[in-house]
Amino acid sequence: PALTLGAWVAPFESVELQGTAEGLRPRARRDAQGRTHLAIYQNLNGRSSVFYSLDDGRRWSAPDDVADAPSRAWIQDLAVDAAGLPVTVWEEVRVATPNDQIYLSRFDPAAFAWTQKERVSTSPDGGANGRVAAARLPGGADVVDVVWEERPAGADTKVMHRRLAA
């Protein structure tokens with residue numbers, strides 16, 4: 001039988017963007033508690049960064065700058081782990097690395113803040129189109145998997161994978 005969801009509600013603005021910023025590539029995930037997690041990137045004053053917001057069922061939180069990028073962070077993805085905590089990945093360009101690299105940050109409930117961003121891609125050729133998945137494996141181990149494209153000069157594109165185990 002077909003899944004019956006009911007009627008659509010009228011669209012509404014989920015997150016109020018800062019100033020005249022553009023909110024791009026929204027990525028949403030729902031956790032087991034029914035909360036909706038949202039990651040977007042915003043262009044603001046010649047700089048782009050990745051922002052996160054949470055809908056707790058009553059309202060959306062103010063966007064939080066997860067990447068805190070000096071120049072450009074974009075093309076983000078979002079996962080929610082078994083504990084309902086968000087994990088984000090994105091592409092970021094830095095002066096020291098001319099190619100985009102893939103970075104990751106997780107929400108730390110003890111500090112009520114995002115962890116220090118970690119570079120996931122390791123090649124000087126950079127990384128693109130990062131995607132993240134989080135799960136609790138049979139036996140109880142929590143893992144975060146990140147996959148991305150790598151384009152070495154003069155070679156075929158490769159799909160790379162790294163796993164972070166709790």
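When reading the values below, keep in mind they use all heavy atoms of this one structure, side chains included, and skip hydrogens, waters and symmetry mates.
By the side-chain hydrogen bond (donor to acceptor under 3.5 Å, both in side chains) test, D56 is found to be paired with R58, residues two or more places apart in sequence or in another chain being considered. Shown here are the side-chain hydrogen bond (donor to acceptor under 3.5 Å, both in side chains) partners of D55, two or more places apart in sequence or in another chain: there are none. Listed by chain and residue number, D100 satisfy the side-chain hydrogen bond (donor to acceptor under 3.5 Å, both in side chains) test with R72 (two or more places apart in sequence, or in another chain). With sequence neighbours left out, the side chain to side chain contact (heavy atoms under 4.5 Å, CB included) criterion links A82 to R136, D142. The side chain to side chain contact (heavy atoms under 4.5 Å, CB included) search around V120 returns I102, L104, V146, W148, R162, not counting sequence neighbours. A111 is linked by a side chain to side chain contact (heavy atoms under 4.5 Å, CB included) to D108, A113, counting only residues two or more places apart in sequence or in another chain. Partners of D31 according to the salt bridge (Lys or Arg N to Asp or Glu O under 4.0 Å) rule, which considers only residues two or more places apart in sequence or in another chain, are R35. Scanning for salt bridge (Lys or Arg N to Asp or Glu O under 4.0 Å) contacts around R27 gives an empty result, with sequence neighbours left out. Residues satisfying the side-chain hydrogen bond (donor to acceptor under 3.5 Å, both in side chains) criterion with S48, sequence neighbours excluded, are absent altogether.
Atom-to-atom distance recorded for T36:OG1 and L54:CG is 8.0 Å, nearest 0.5 angstrom. For the atom pair CD of Q101 and CZ of R119, the computed distance is 3.5 Å after rounding to the nearest 0.5 Å. Here the CZ atom belonging to R25 is positioned 6.0 Å from the CD atom belonging to Q76, to the nearest 0.5 angstrom. Separation of atoms CZ (F51) and CD1 (I40) is listed at 7.5 Å; rounding is to 0.5 Å. Separation of atoms OG (S105) and CD (E118) is listed at 8.0 Å; rounding is to 0.5 Å.
Counting only residues at least two apart or in different chains, side chain to side chain donor-acceptor pair (under 3.5 Å) contacts with residues 80-90 comprise W90-E92. Every pair passing ring pair (Phe, Tyr, Trp, His ring centres under 6.0 Å) that includes a residue from residues 113-132 is listed here, sequence neighbours excluded: Y52-W114, F107-W114.
A donor-acceptor pair under 3.5 Å links the side-chain atoms of S53 to the main chain of S61, judged by distance alone. In this structure, the side chain of S123 engages the main chain of D125 through a donor-acceptor pair within 3.5 Å. In terms of modelled atom types and a separation under 3.5 Å, the side chain of T115 and the main chain of R106 share a donor-acceptor contact.
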Less than 3.5 Å apart, which donor and acceptor atoms pair up between the side chains of residues 150-157 and the rest of the protein, not counting sequence neighbours?
unit_1, atom_1, unit_2, atom_2, d
R151, NH2, E149, OE1, 2.5

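Taking the side chain as every heavy atom from C-beta outward, R29 and V132 never approach each other to under 4.5 Å.
Linking Ile, Leu, Val, Met, Phe, Trp and Tyr residues whenever their side-chain heavy atoms come within less than 4.5 Å leaves L164 and V147 in two separate clusters. The hydrophobic clustering, which links ILVMFWY residues whose side-chain heavy atoms are closer than 4.5 Å, places V66 and F112 together.
Across A134 and A79, no two heavy atoms sit closer than the pair N-CB, 3.9 Å. In this structure, S49 and A69 approach most closely via the heavy-atom pair OG-N, 3.5 Å. Across all non-hydrogen atoms, the minimal contact from L78 to P86 is CD1-CB, 4.0 Å. Shown here for H37 and V80, the closest heavy-atom pair between the two residues is CD2-CG2, 3.5 Å. Nearest heavy-atom pair across D145 and H161 is OD1-NE2, 2.8 Å.
No more than 12 heavy atoms of other residues, nucleotides or ligands sit less than 6.0 Å from atom CD of Q116.
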Please step through side-chain contact (heavy atoms from CB on, under 4.5 Å) for the pair L38 and W60, ending with a clear verdict. CA-CA 9 Å; L38 175 70; W60 286 93; 3.5 Å; yes
